[in-house]
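Following: one structure in structure tokens, then a few remarks.
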Amino acid sequence: MTRIDILIRYLIAEDPQYSEMQIPEDLQGKRDLFRALRNVRWPKPVSEEFLHLQNEELQAQLQEKGIVDLTKLSTLNSPLSTTLNSKPSTLNYILWQGDITRLKVDAIVNAANAQMLGCFHPLHRCIDNAIHSAAGVQLREECHRLMLQQGHPEPTGRAKITKAYNLPCKYVIHTVGPIIPDGIPTASQKEQLASCYRSIMACADENGLESVAFCCISTGEFRFPNQLAAEIAVQTVKDYLTVHPDCSVRQVVFNVFKEVDRDIYQRLLLS
């Protein structure tokens with residue numbers, strides 16, 4: 001029996017409703033099922049054997065995807081990477097298009113929901129799902145402990161930091177952005193999005209982090225307009241660094257996935 005078969009059987013055995021579930025024969029089918037079972041799993045303890053095998057499996061998948069070390073950006077020779085130097089010269093803004101779970105930086109940003117436990121929809125394409133899936137079950141467990149201590153849902157515009165586990169970054173900074181049902185943000189919702197970026201920068205600074213990779217918070221399913229969201233992101237980060245010249249953050253990465261966001265951020269950062 002392969003490693004991933006053992007992991008899937010462990011998760012199936014946790015819940016009687018999965019007792020008749022069949023394990024696919026192909027590797028991708030097995031990986032999808034392994035991810036889906038973790039996506040829907042409530043945070044609870046697992047065996048040390050499971051953690052060991054899960055970590056091996058996720059590290060193997062990470063090596064297949066490839067780790068992107070943005071401190072060595074000049075050697076990447078990628079048309080999807082753009083370095084934009086700012087003043088002082090020791091501070092870099094980087095625009096990078098791709099999978100944020102591949103980035104080797106001090107922290108990546110997760111666009112979370114108020115529950116702060118990750119996405120429970122199997123194989124959902126949101127960043128919350130991607131980050132929790134790549135990190136492993138430990139991330140949901142740590143978030144669960146934080147939320148139990150807090151005793152209430154996470155307010156919009158705040159930030160919390162956790163370990164990164166099987167991700168190549170050191171930490172994950174989670175934030176809850178505003179949801180815009182009609183796609184037209186109010187002044188209050190614009191301020192909430194700006195608060196997300198300020199809170200993340202403050203969290204990174206408090207923890208002495210030198211590099212942070214931002215996702216496009218609140219765009220996509222939360223329906224914040226892409227152009228306005230990017231304008232708020234860039235301006236808020238620049239303003240924070242102006243007000244806090246001794247901030248530990250020296251490298252700011254704006255990570256995008258869609259072409260439209262890449263074009264927007266490139267225009268803003270080059271202007």
Side-chain angles (χ1 to χ4, degrees), residues 7 10-11 14-15 34-48 50-55 57-59 61-62 99-179 192-193 195-209 212-218 220-222 255:
L7 290 165
Y10 181 99
L11 295 174
E14 281 189 324
D15 196 325
F34 177 48
R35 175 172 173 170
L37 288 169
R38 289 181 293 121
N39 290 161
V40 300
R41 182 181 183 273
W42 189 256
K44 54 187 173 182
V46 291
S47 70
E48 288 299 320
F50 177 89
L51 284 180
H52 175 73
L53 292 176
Q54 176 214 239
N55 294 347
E57 175 62 28
L58 294 181
Q59 287 298 311
Q61 292 185 26
L62 173 61
D99 181 356
I100 200 170
T101 67
R102 297 174 58 200
L103 296 185
K104 186 177 182 181
V105 290
D106 284 348
I108 63 172
V109 172
N110 179 30
N113 55 51
Q115 193 179 18
M116 285 285 286
L117 296 180
C119 173
F120 281 83
H121 297 285
L123 306 180
H124 197 253
R125 294 176 62 83
C126 70
I127 193 168
D128 200 12
N129 190 298
I131 288 174
H132 275 264
S133 296
V137 297
Q138 304 98 308
L139 181 56
R140 180 169 283 174
E141 180 66 25
E142 182 177 355
C143 288
H144 182 53
R145 292 195 300 270
L146 289 174
M147 295 309 289
L148 285 176
Q149 293 170 7
Q150 179 165 287
H152 58 79
E154 183 71 0
T156 302
R158 304 274 187 86
K160 276 187 170 54
I161 190 168
T162 65
K163 296 177 183 178
Y165 300 100
N166 288 290
L167 292 160
C169 57
K170 297 176 183 177
Y171 300 97
V172 179
I173 301 178
H174 310 259
T175 192
V176 180
I179 300 174
Q192 285 178 329
L193 184 59
S195 179
C196 288
Y197 285 93
R198 283 194 298 270
S199 297
I200 291 162
M201 290 297 291
C203 181
D205 195 12
E206 289 166 5
N207 287 276
L209 307 187
V212 178
F214 287 97
C215 60
C216 299
I217 302 166
S218 275
E221 290 196 8
F222 280 20
N255 173 251

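Residue numbers count from 1 along this sequence. Keep in mind the model is a prediction, meaning the values are calculated, not measured.
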| task | Tell me, with the steps shown, if Leu53 and Tyr10 meet side chain to side chain contact (heavy atoms under 4.5 Å, CB included). | result | CA-CA 11 Å; Leu53 292 176; Tyr10 181 99; over 6 Å; no
| task | Report the C-alpha distance between Leu146 and Thr162 in whole Å, list the side-chain angles of each, state the deciding distance to 0.1 Å, and finish with yes or no for side chain to side chain contact (heavy atoms under 4.5 Å, CB included). | result | CA-CA 9 Å; Leu146 289 174; Thr162 65; 3.7 Å; yes
| query | Does the pair Val105 and Val212 meet the rule for a side chain to side chain contact (heavy atoms under 4.5 Å, CB included), with working shown? | reply | CA-CA 6 Å; Val105 290; Val212 178; over 6 Å; no
| task | Check the pair Asn166 / Glu57 against side chain to side chain donor-acceptor pair (under 3.5 Å), numbers first and verdict last. | result | CA-CA 10 Å; Asn166 288 290; Glu57 175 62 28; over 6 Å; no
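Remark: side-chain polar atoms of Gln54 are paired, donor with acceptor, to backbone N or O of Val137 under 3.5 angstrom. A donor-acceptor pair under 3.5 Å links the side-chain atoms of Arg38 to the main chain of Ser133, judged by distance alone. In this structure, Asn207 contributes its side chain and Cys203 its backbone to a donor-acceptor pair below 3.5 Å. Of the possible polar contacts, none joining the Asn110 side chain to the Val172 backbone as a donor-acceptor pair under 3.5 Å is found. Panel note: side chain Arg41, backbone Glu14; no donor-acceptor pair is recorded below 3.5 Å. A donor-acceptor pair under 3.5 Å is formed between the side chain of Ser218 and the backbone N or O of Pro178. Without hydrogens or angle criteria, Asn39 side chain to Arg35 main chain gives a donor-acceptor distance under 3.5 Å. Proximity of a side-chain donor or acceptor of Glu142 to a complementary backbone N or O of Lys163 within less than 3.5 Å is detected.
Nearest heavy atoms, Leu209 versus Ala107: CD1-CB, 3.6 Å. Between Thr101 and Asp99 the shortest heavy-atom distance is OG1-OD1, 2.7 Å. Shown here for Glu141 and Lys44, the closest heavy-atom pair between the two residues is OE1-N, 3.2 Å. In terms of heavy atoms, Leu58 sits closest to Ala134 at CD1-O, 3.7 Å. Shown here for Arg140 and Cys119, the closest heavy-atom pair between the two residues is NH2-O, 3.1 Å. The two residues Cys143 and His132 make their nearest non-hydrogen contact at SG-CE1, 4.2 Å.
Under the 4.5 Å side-chain criterion, counting only non-hydrogen atoms from C-beta, Asn255 is not in contact with Ile108. Between Ile217 and Phe222, the closest side-chain pair of non-hydrogen atoms is not below 4.5 Å.
One finds the CD1 atom of Ile100 at 5.5 Å from the SG atom of Cys215 (value rounded to the nearest 0.5 Å). Here the CD1-CZ distance, from Ile173 to Arg158, works out to 15.5 Å after rounding to the nearest 0.5 Å. Considering CZ of Arg198 and SG of Cys196, their distance stands at 9.5 Å, rounded to 0.5 Å. Atom NE2 of residue His174 and atom CD1 of residue Ile200 lie 10.5 Å apart, to the nearest 0.5 angstrom. Expressed to the nearest 0.5 Å, how far CG of Leu51 lies from CG of Leu7 amounts to 10.0 Å. In this structure, the separation between CD1 on Ile179 and CG on Asn113 is 8.0 Å, given to the nearest 0.5 Å.
One finds a salt bridge joining Lys160 and Glu154 here, because a Lys/Arg side-chain nitrogen approaches an Asp/Glu carboxylate oxygen to under 4.0 Å.
Within a 6.0 Å radius of OH in Tyr171, no more than 12 heavy atoms belonging to other residues, nucleotides or ligands are found. Other residues, nucleotides and ligands contribute at most 12 non-hydrogen atoms within 6.0 Å of the CZ atom of Arg125. The number of heavy atoms from other shown groups lying within 6.0 Å of CD (Gln59) is above 12.
Ring geometry for Trp42 against His144 counts as perpendicular: the plane angle is over 60°, on a 0 to 90° scale with 30° as the lower cut.
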